[in-house]
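For reference, the structure discussed in these notes is given below.
Lettering of chains follows the sequences in order, A, B, ..., and the numbering in each one begins at 1.
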Amino acid sequence: MNKKEVAEALEEIGLLLELAGENPFKTRAYGSAARAIERSAGDLKGLVETGELLKVKGIGDSIFAKIKQMVEQDKSSYLEELHAKVHRGLVEMIRIPGFGPKRARAVHEKLGINSLGELEYACRENRLVKLEGFGQKSQDKILAGIQFLKRHQGRFLISDALSDAERLLAVVQGCKETIRACVAGSLRRCKETVKDVDILAAVRESGPVMDAFTKAKGVETVAAKGDTKSSIVLSSGLASDLRTVSEKEYPYALAHFTGSAEHNIAMRARAQQKFGYKLNEYGLFKGDKLIDAKDEKEIFKKLDLAYIEPELRENAGEIEAAEKGKLPNLLRMEDIKGVLHVHTTASDGSDSLDEVAKAAEEAGYLYLGVTDHSKTAVYAGGLKEQDVLEQHRAIDNLNKKLKKLRILKGTESDILPDGSLDFPDKVLERFDFVVVSVHSSFNLSRAEMTKRIVKAMKNPYTSILGHPTGRLLLAREGYDVDLDELLKVAAGEGVAVELNADPHRLDLDWRYGKRAHDLGVKVAIDPDAHSAEAFSVMRYGVGIARKGWLEAGDVLNALETEALLRFFQKRRSSK
DNA sequence: GCCGTTTTCGGCCCGACTGTTTTCAGTCG
């Protein structure tokens, strides 16, 4: 089993243990071990063989032994044992909002229900109404929850969530009782997909703000409405929570509702164990006495920590780094000097070269790398050799007219199934830079896919590896590839790796940011724009780069034009 | 099951809201 499969198996073990009514701390241990594996750098097999994995926080002897078996024997006896004991269908049931492990066990034990479908049928037969601890309202909610699951996958792209979030935030901010408000939760942490939108508001009076929120345009159902908290579901299927607090509580509440849960747990444990403080959404307390903090920064300071940016709050080493003053100086939007992966009407873009150039100029970029598809990508109108020459003439002419902006000649060359590029050398050498990407034959074995991409990366004309796993968030898994190996090759070859900023991709995954940094790999944050308007996705790319601990010095397109061209030339002349 | 400049055993974050209940369990974040 590979890293991802092991993480999923551990997660499933945690869920099954929870369903079996096990000690909650034990079940949590499996969940946190799963996340530790996801984040771990390097080859899992190697980490197991050397025993290095035992040094990872959250992995002890028992879980290590289970991982060892998964890696070496491609199975988990423990998971099989649990499957025999706990019905697999219960796992899907707990995806229903408001329906957790206890209720799943109850319907299983008392009504013999083993799947989502059976549960739906039982609701239709009114069998839950009479069940102890349930009732009419519970049954209605469960039925609605099942319908909800059928319509939506339960997670949303950051771009979709953000547009709803900004609209709801405006509604809250528009209330005269609101002092200030902010989007918190996973959206503030810039997770690549989110389950819901958390909004926090400091208010003079809560009631009218709650009313405005629950009556906002697009609200389909009001799932809960209380004095300080309301939950709604929009017609888009996206759920949103509003929490209201007083002005004084706001900084603590902002930290609390930004999370993540794991980060909060670690922060509270630190407050309690190191200082004897209690930390919650209302404040930091020594006994009953509030320890004043005017903003989030001061809360961290009181706990002897440097300020941790929201994107880093995943309990992935940020607290230890903050303690030692070793947090990264995160990339900022203004560090980005240009964009390098842009399509025009020459292939499958919707705006012409002139139009994207104008947009890049207006965005204040120093350079614009035009990278239309290569000839094999017929579905995307890939350029033939003659078309390339034509485009280059057009770019030369345009560059003569432009003042600050420089257009760079690039291509997004398909990586063919055998790992070769789509143009002969005599064409490749005419480009300033070459992005290489996989767009076909996704189903190779891990070894074959890795070999294919490594071969393409070793081509001396290759400058950037495009969307390294090919994943489409919420739609398609990436192809199976040894990403760690690709990063090592990138480091050795002087090839940059793309962090595709399109919210459907966000590929390189942020969990590999630290690894890229440690290996000295340059990361290119590319819009993969198919229109001038799509430059706006750069904000997601920068957010994900920040989440991956990247600094300006790690990012290829944070370089000025001359330095960027030197990077491309150095790569080419190294062979 | 994990973890330890308090501990190798005994802890493990904290509170809001709902629904089904007469005081609280379950769920969520």
Span that lies between the P atom of B:dT22 and that of B:dC17, in whole angstrom: 22 Å
Qualifying salt bridge (Lys or Arg N to Asp or Glu O under 4.0 Å) pairs with a residue from residues 201-217 of chain A, counting only residues at least two apart or across chains: A:Asp211-A:Lys225
Distance (rounded to the nearest 0.5 Å) between A:Leu10 CG and A:Ser76 OG: 8.0 Å
Residues forming a side-chain hydrogen bond (donor to acceptor under 3.5 Å, both in side chains) with A:Lys274, sequence neighbours excluded: A:Glu323
Pairs involving residues 17-32 of chain A, ordered by first then second residue, that meet salt bridge (Lys or Arg N to Asp or Glu O under 4.0 Å) (sequence neighbours left out): A:Glu22-A:Lys26
C1' spacing across the pair B:dT21 / B:dG26, given as an integer number of angstrom: 13 Å
Axial cation check for A:Tyr277 ring with A:Lys286, 6.0 Å and 45° limits: no
With A:Phe285 via ring-ring contact (aromatic ring centres under 6.0 Å, His included) - residues at least two apart: none
Contact list for residues 174-190 of chain A, test side-chain hydrogen bond (donor to acceptor under 3.5 Å, both in side chains), sequence neighbours left out: A:Arg180-A:Glu247, A:Arg188-A:Thr258, A:Arg188-A:Glu296, A:Arg189-A:Glu314
Nucleic acid contacts - residues 304-314 of chain A versus DNA chain B, non-hydrogen atoms under 4.0 Å: none
Within residues 231-246 of chain A or reaching into it, pairs that qualify as salt bridge (Lys or Arg N to Asp or Glu O under 4.0 Å) - sequence neighbours excluded: A:Arg243-A:Glu281
Interatomic distance, A:Leu242 CG vs B:dC17 C1' [rounded to whole Å]: 14 Å
Interatomic distance at C1', B:dT8 relative to B:dC12, whole Å: 15 Å
Inter-nucleotide C1' distance (B:dC9, B:dG15), Å rounded: 29 Å
B:dG11 and B:dT7, which share atom name C1', separated by this distance in whole Å: 9 Å
Per-nucleotide protein contact string for nucleotides 20-29 of chain B (B base, S sugar-phosphate only, - none; heavy atom under 4.0 Å): SS----SSSS
Distance between P atoms of B:dT27 and B:dT20 (Å, rounded): 13 Å
Pairwise P distance for B:dT6 and B:dG1, with rounding to whole Å: 27 Å
Pairing nucleotide - B:dG1, Watson-Crick or G-U, each distance under 3.5 Å: B:dC12
A:Asp140 CG to B:dT18 C1', straight-line distance once rounded to whole Å: 14 Å
Where at least one partner belongs to residues 61-84 of chain A, residue pairs that pass salt bridge (Lys or Arg N to Asp or Glu O under 4.0 Å), sequence neighbours excluded: A:Lys68-A:Glu72
Length of the line joining A:Met210:CE and B:dA16:P, which is rounded to integer Å: 12 Å
Base-contact (B) and sugar-phosphate-only (S) positions in nucleotides 1-12 of chain B, heavy-atom cut-off under 4.0 Å, - elsewhere: BSS--B-----B
By side-chain contact (heavy atoms from CB on, under 4.5 Å) - contacts of A:Lys4 (at least two apart): A:Asn2, A:Glu8, A:Glu477
Sugar-phosphate only, base, or nothing, as touched by A:Asn264 at under 4.0 Å among non-hydrogen atoms: nothing
Residue list, side-chain hydrogen bond (donor to acceptor under 3.5 Å, both in side chains) with A:Glu11, at least two apart or on another chain: none
Inter-residue atom distance A:Leu44.CG - A:Glu38.CD, 0.5 Å rounding: 12.0 Å
Separation of B:dT18 C1' from A:Asp227 CG (nearest whole Å): 14 Å
